[in-house]
Engineer: 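Quick one: the structure is below, and I'll ask about it shortly.
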Protein chains: 2
Amino acid sequence: MSNDKNNNISSRSTGRVTLSDVAAKAGVSPITASRALKSPDQVSEKLRVKIYAAVSELGYIPNHAARSLASSETKIISVIFPSLSNAVFPDVLDGIHDTLTPAGYRILLANTHYAMDQEEALVRTLLEQSPDGIIVTGIDQNESTRKLLLNSNTPVVQIMELTDCPIDMNVGFSHFQASYDLVRHLQNSGYKKIGFIGARMDPRSQRRMEGYKQAMHEYSETNERYVITSQSNTSFKLGGKLFTQLFTECPELEAICFSNDDLAAGAIFECNRKGIRIPEDISIAGFNDLHFSEELIPPLTTVSIPLYEMGKKAAEYLLYKIEHRTVPPSVQHDVGYSVIERKSTYANLESKK
Amino acid sequence: MSNDKNNNISSRSTGRVTLSDVAAKAGVSPITASRALKSPDQVSEKLRVKIYAAVSELGYIPNHAARSLASSETKIISVIFPSLSNAVFPDVLDGIHDTLTPAGYRILLANTHYAMDQEEALVRTLLEQSPDGIIVTGIDQNESTRKLLLNSNTPVVQIMELTDCPIDMNVGFSHFQASYDLVRHLQNSGYKKIGFIGARMDPRSQRRMEGYKQAMHEYSETNERYVITSQSNTSFKLGGKLFTQLFTECPELEAICFSNDDLAAGAIFECNRKGIRIPEDISIAGFNDLHFSEELIPPLTTVSIPLYEMGKKAAEYLLYKIEHRTVPPSVQHDVGYSVIERKSTYANLESKK
DNA sequence: CATCCGTTTGACAGCGCTATCATTTGTGCT
DNA sequence: AGCACAAATGATAGCGCTGTCAAACGGATG
């Protein structure tokens with residue numbers, strides 16, 4: 001009986017308002033209703049108005065899964081960060097979000113907590129969503145993760161760093177070079193005995209340390225005693241602790257570079273507490289130029305990174321590739337950095353002596 | 001001809017490895033392959049091994065959209081925050097993430113940038129994903145957003161604040177009460193002339209201000225000159241600026257409460273620069289107890305919130321409701337707060353005088 | 001050896017939508 | 001009026017997976 005067909009209370013019916021319901025209400029075929037929502041200019045105004053009315057009357061909400069399945073477009077971009085508490089990532093994420101949201105894309109976020117071995121599992125999980133694009137942090141994905149991403153045929157942007165062999169596209173800057181430049185800047189200001197304090201030592205911290213070492217090797221004197229690293233996570237407290245340790249053991253140091261601003265700020269706080277004068281007794285430099293860094297006493301010399309722009313550019317790369325179905329004219333973008341000289345170091349060490 | 005059927009290079013074929021491919025390779029039916037992945041104990045070991053082998057050989061990745069469509073489970077939780085740069089949210093998000101990820105759920109993140117009028121559009125977009133649950137910030141959703149969420153039949157947790165009439169479930173604390181308690185604490189320490197500086201003035205800042213006003217009304221003397229608010233976004237700089245403005249106009253003030261730690265820290269930095277002594281010349285109190293707050297000179301008196309736990313609890317509420325298909329024993333959880341007394345205020349103002 | 005019952009496997013249909021192609025309708029032209 | 005052509009609408013058939021139910025299987029029992 002025709003009843004069976006009209007009565008759509010099948011055993012699997014979800015009770016949800018579907019596009020067919022809307023179409024029935026508007027007196028059109030489902031496909032026309034679909035078009036009215038997806039490409040309104042293909043539907044006459046008369047029907048469009050009717051369909052919109054039915055939509056709002058029924059409170060229709062499209063089913064994304066069905067749309068994705070039929071069109072193989074998910075409008076989802078997956079983002080993998082190693083941390084959210086590290087203040088650089090929210091800034092990058094804002095750039096990504098503000099570019100993607102107006103374009104109709106949504107962000108699926110995952111956090112590795114700096115556990116590289118979890119990355120592959122996370123990537124696998126995120127690939128199940130068939131995202132239209134993926135943004136991953138860093139360039140040190142292991143071989144099988146690379147393969148996974150490559151085979152998925154999904155546009156990928158690696159961010160934060162630059163690499164010669166990107167998986168797909170790449171937006172970042174050279175941590176090595178930035179750190180090298182900072183140290184060179186100090187050396188040019190007259191500093192010779194420069195220490196380095198690092199924590200967490202993820203690949204980027206590592207490369208910052210290498211930049212420091214290279215500059216020291218070339219223009220000063222490398223001294224193993226001048227370098228302290230910790231595997232612990234970064235914190236203000238740790239910065240203060242490591243500073244005290246290094247400066248006690250090597251009181252001859254003129255300046256200390258920290259692998260990030262958090263550690264450097266911790267050292268400045270510690271100096272403030274102990275009455276150690278900056279830069280008279282010791283100079284301090286950081287990395288990242290976080291929001292608080294120029295407010296510290298004294299303001300912190302550091303390296304500034306255009307984080308928001310990096311996120312924006314990464315998102316733009318993805319959008320380009322998704323919409324043009326072809327790689328953008330360039331597949332790598334160097335967002336650069338700038339050494340910011342502030343009062344925690346001397347512009348000219350000699351003039352003081 | 002039967003060729004047509006075997007030749008599955010249909011015009012719509014996506015080229016993707018499907019479960020049927022895996023099943024064919026393993027010599028089983030697709031449904032058995034499906035079961036081997038979803039509920040392995042229902043499949044004999046012999047076949048299971050074969051199927052797993054086929055999976056890894058073919059590099060099969062499940063299609064989430066198809067799974068969602070067929071099972072009406074998406075394993076996605078949507079999270080709406082008003083900001084990511086506000087450091088409280090990454091902490092909450094970490095709590096959410098760390099609870100949801102092990103349970104196999106993924107996080108879809110959206111950011112309103114404190115634009116309440118965008119919330120409805122965002123909720124609508126997120127509902128299209130048919131998330132298994134939604135976490136929204138605050139309790140001030142407008143009527144149509146509430147309806148949208150209610151009709152969606154999706155578990156919802158409102159976080160950060162408490163409300164008498166939650167949409168569904170609710171995890172937070174009373175900003176009014178917390179701020180009230182902080183001011184009462186200062187009053188009990190002997191403070192009488194207490195100012196308030198607020199920025200951004202989102203609903204929670206607003207309620208913190210109300211708490212301040214209530215305590216002042218009850219135990220001190222309300223003075224309109226003692227309150228400054230700005231619609232601008234919070235920043236260290238703004239904290240310093242507003243502080244200078246208020247303290248210049250009302251030098252008689254003994255203490256100033258700030259609507260958050262960022263503003264308070266800005267004021268402390270400003271005092272440090274100008275040689276204004278804290279708490280001798282003016283006492284400063286904040287709100288949120290951010291990571292840097294106890295490192296400031298002097299350390300900041302503030303209100304500490306269990307942010308990570310709040311995120312965790314919200315996620316647990318969702319998981320409970322999703323898995324038990326029924327509301328948890330309680331639908332509201334007060335995570336509480338604690339007033340943290342530090343050196344930026346006196347524990348006993350009298351003793352100094 | 002027939003019977004029963006629990007376990008494993010499979011057939012079928014459908015989740016809600018859109019790509020594709022076919023059909024209808026409207027428009028301007030000779 | 002008759003034609004070509006573009007625009008608007010519809011019919012059909014999946015996208016890849018899982019819920020439902022039926023069938024086949026295997027071992028234990030009398």
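Numbered from 1 within each chain, the chains take letters A, B, ... in sequence-line order.
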Engineer: Run the ring pair (Phe, Tyr, Trp, His ring centres under 6.0 Å) test against B/Y308 and tell me which residues pass, sequence neighbours left out.
Structural biologist: none

Engineer: With distance as the sole test, does B/T145 use its side chain to make a donor-acceptor pair with the main-chain N or O of B/Q141 at under 3.5 Å?
Structural biologist: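 Not confirmed, B/T145 side chain does not pair with B/Q141 backbone.
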
Engineer: Looking at DNA chain D, which of residues 25-49 of chain B put a heavy atom within less than 4.0 Å of it?
Structural biologist: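 Nucleic-acid contacts, sorted: B/I31, B/S34, B/K38.
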
Engineer: According to the interplanar angle, ranging from 0 to 90°, do the rings of B/F89 and B/F81 count as parallel (below 30°), tilted (30 to 60°) or perpendicular (above 60°)?
Structural biologist: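 If you compare the ring of B/F89 with that of B/F81, the planes turn out tilted.
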
Engineer: Can you list, in residue-number order, the parts of residues 54-64 of chain B that come under 4.0 Å of DNA chain D, counting heavy atoms only?
Structural biologist: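 Under 4.0 Å from DNA chain D: B/Y60, B/P62, B/N63.
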
Engineer: Taking five pairs at each end, how big is the angle between the two axes of the helix from C/dC1-D/dG30 to C/dT30-D/dA1, to 10°?
Structural biologist: 40°

Engineer: For A/V331, give me all partners under side-chain contact (heavy atoms from CB on, under 4.5 Å), at least two apart in sequence or on another chain.
Structural biologist: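 Scan of A/V331 (side-chain contact (heavy atoms from CB on, under 4.5 Å), adjacent residues dropped) gives A/M169, A/V327.
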
Engineer: Do A/L126 and B/R106 have side chains that approach each other closer than 4.5 Å (heavy atoms only, starting at C-beta)?
Structural biologist: yes

Engineer: Answer yes if the side chains of B/N86 and B/Y114 hold a donor-acceptor pair under 3.5 Å, and no otherwise.
Structural biologist: yes

Engineer: Would a distance-only check, ignoring hydrogens and angles, find a side-chain to backbone donor-acceptor pair under 3.5 Å from A/H64 to A/T74?
Structural biologist: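 Checking the backbone N and O of A/T74 against the side chain of A/H64, a donor-acceptor pair under 3.5 Å is found.
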
Engineer: Grab the CD-C1' distance between B/Q129 and C/dC17 for me, whole Å please.
Structural biologist: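 The answer, rounded to whole Å, is 14 Å.
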
Engineer: Is any side-chain heavy atom of A/E57 less than 4.5 Å from a side-chain heavy atom of A/V22?
Structural biologist: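 Not touching, per the 4.5 Å side-chain cut-off.
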
Engineer: Rounded to whole Å, please give me the gap between CG in A/L69 and C1' in D/dG14.
Structural biologist: 9 Å

Engineer: Name all residues meeting the side-chain contact (heavy atoms from CB on, under 4.5 Å) criterion together with A/L122; count only those two or more places apart in sequence or in a different chain, and write none if there are none.
Structural biologist: A/A110, A/T112

Engineer: For B/S68 and B/E73, does a side-chain donor sit closer than 3.5 Å to a side-chain acceptor?
Structural biologist: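 There is no such pair (donor and acceptor under 3.5 Å, judged by atom type) between the side chains of B/S68 and B/E73.
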
